Amino acid sequence: MSKPALQLMRNILMNDKIDNLYASQQSGQPFSFNHSVAEVFPDMIKRSVPGYDKILRNITRLSSHFVKPDTNCYDLGCSLGAASLAMSEGIQHQDVTIVAVDNSDAMLAKCKPHIDAFKHKCNIELIHDNIQNISITNASMVVLNFTLQFLPTNDRTSLLGEIYQGMNDDGVLLISEKICFEDETINQLINKLHHQFKSDNGYSQLEISQKRDALEDVLIPQTLEQHIYNLKDAGFKHIDCWFQQYNFVSIIAIK
Ligand code: GEK
């Protein structure tokens, strides 16, 4: 069976709605996390982001290692709560609260039923707000799984600083991001490989190019070096990239 056919079968089994939002000609509106996106989000992110499932599995492993009793965990830009559920699965202690934050009405409306549909051990508190307004306290783990990229670049360092201040010693921050590369030849090559990945997952050339245009000025990638510099600047002691596939990375930073 071909990969797109397998994916389709998987979606039917998992009851995920298929993402065909960009399959017909669009008017050129910028991408937003609206109702239509929330409806197809699990399918969209799995078929667009290489390594998404692998990153979630490792969020579980990291939460089992880092989360301490009587502390808070944060899932900033939680969408439908996948990273909160992944953290909850790994947490070994009582009295841990996971605070899941998103500023999209449509995402949060779907997040609660989505979370309730899965078994989870921890208290998951949902907050509808801009992650820049959240006060981080007593945190042993913070996750920014593909969210920082949607913040204006000038606001990113101060958010990382706030997170650092609100974290306990030895706490972990996990940041996953789409990145760009200084070297333009590498940048173009890796973008091509990512588009091939999307095409292998059943997206047409029209879907790929319309989505790319819609994300322009909405998702602003930075280089891996810039992210590491920002984390050092915020005060983190131990920083490295533990996952990369094409232009998608995941970084851990320990206080
Ligand atoms: C996952 N982490 O499945 N404040 C609050 N939420 C925001 C902000 C902001 N300033 N900016 C963007 N968001 C998830 C996937 S998706 C990634 C995260 C993607 C929210 C936005 O509404 C969306 O739900 C999420 O961040 C980004 O592990 O679609 O590429």
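Every number for a ligand or one of its atoms is a count from 1 in the order of the listing. This one's a predicted model, so the numbers in the text were calculated from it and none came from an experiment.
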Open item on the list: So if I count the atoms of ligand 1 from 1 in the order they appear, which ones are less than 4.0 Å from some heavy atom of S104?
Closed with: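 Every atom of ligand 1 under 4.0 Å from some heavy atom of S104: 22 (O).
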
Top protein contact for [atom], by heavy-atom distance:
| atom | result |
| --- | --- |
| atom 1 (C) of ligand 1 | Y52 OH, 3.4 Å |
| atom 25 (C) of ligand 1 | S79 OG, 3.4 Å |
| atom 22 (O) of ligand 1 | D102 OD1, 2.6 Å |

TODO: Give yes if a backbone or side-chain nitrogen or oxygen of N130 is under 3.5 Å from a nitrogen or oxygen of ligand 1, and no if not.
DONE: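 So ligand 1 has an N or O lying under 3.5 Å from an N or O of N130.
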
Open item on the list: When you compare ligand 1 with N145, is there at least one nitrogen or oxygen pair between them that comes in under 3.5 angstrom?
Closed with: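 It does: an N or O of N145 is found under 3.5 Å from an N or O of ligand 1.
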
TODO: Would you confirm whether the ring centroid of Y203 sits within less than 6.0 angstrom of the ring centroid of H195?
DONE: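 No, the ring centres sit 6.0 Å or more apart.
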
Open item on the list: Among residues at least two apart in sequence or on other chains, which ones pass side chain to side chain contact (heavy atoms under 4.5 Å, CB included) with A109?
Closed with: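 For A109 there are no side chain to side chain contact (heavy atoms under 4.5 Å, CB included) partners, ignoring immediate neighbours.
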
Linking I/L/V/M/F/W/Y whenever any side-chain heavy atoms sit under 4.5 Å apart, do [X] and [Y] land together?
| X | Y | value |
| --- | --- | --- |
| I220 | F150 | no |
| V218 | F248 | yes |
| M87 | F118 | yes |
| Y229 | I251 | no |

- [ ] Answer yes or no for K255 and Y164: cation-pi contact, defined as NZ/CZ to six-membered ring centre under 6.0 Å and angle to ring axis within 45°.
- [x]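 The answer is yes; both the distance and angle limits are met.
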
Open item on the list: Taking a cutoff of less than 4.0 Å between a non-hydrogen atom of the residue and any ligand atom, is D129 in contact with ligand 1?
Closed with: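 It does, in that a heavy atom of D129 comes within the 4.0 Å cut-off of ligand 1.
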
Open item on the list: So, 4.0 Å and heavy atoms of Q149: is ligand 1 close enough to count as a contact?
Closed with: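 Yes.
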
From the candidates [options], the one that places a heavy atom nearest [atom]:
| atom | options | result |
| --- | --- | --- |
| atom 9 (C) of ligand 1 | I134, L80, N103 | N103 |
| atom 4 (N) of ligand 1 | I131, L76, L151 | I131 |
| atom 26 (O) of ligand 1 | A106, P152, G77 | G77 |
| atom 11 (N) of ligand 1 | F41, F150, F33, F31 | F150 |

Open item on the list: One residue to check: F146. Relative to ligand 1, which of side chain, backbone, both or neither has a non-hydrogen atom less than 4.0 Å away?
Closed with: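 Both backbone and side chain.
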
TODO: Would you name the heavy atoms of N72 and T137 that are closest together and state the gap between them?
DONE: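 Heavy atoms of N72 and T137 come nearest at ND2-O, 3.0 Å.
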
Task: Results of side-chain hydrogen bond (donor to acceptor under 3.5 Å, both in side chains) for D213 - residues two or more places apart only - done: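 In terms of side-chain hydrogen bond (donor to acceptor under 3.5 Å, both in side chains), with neighbours along the sequence ignored, D213 is linked to no residue.
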
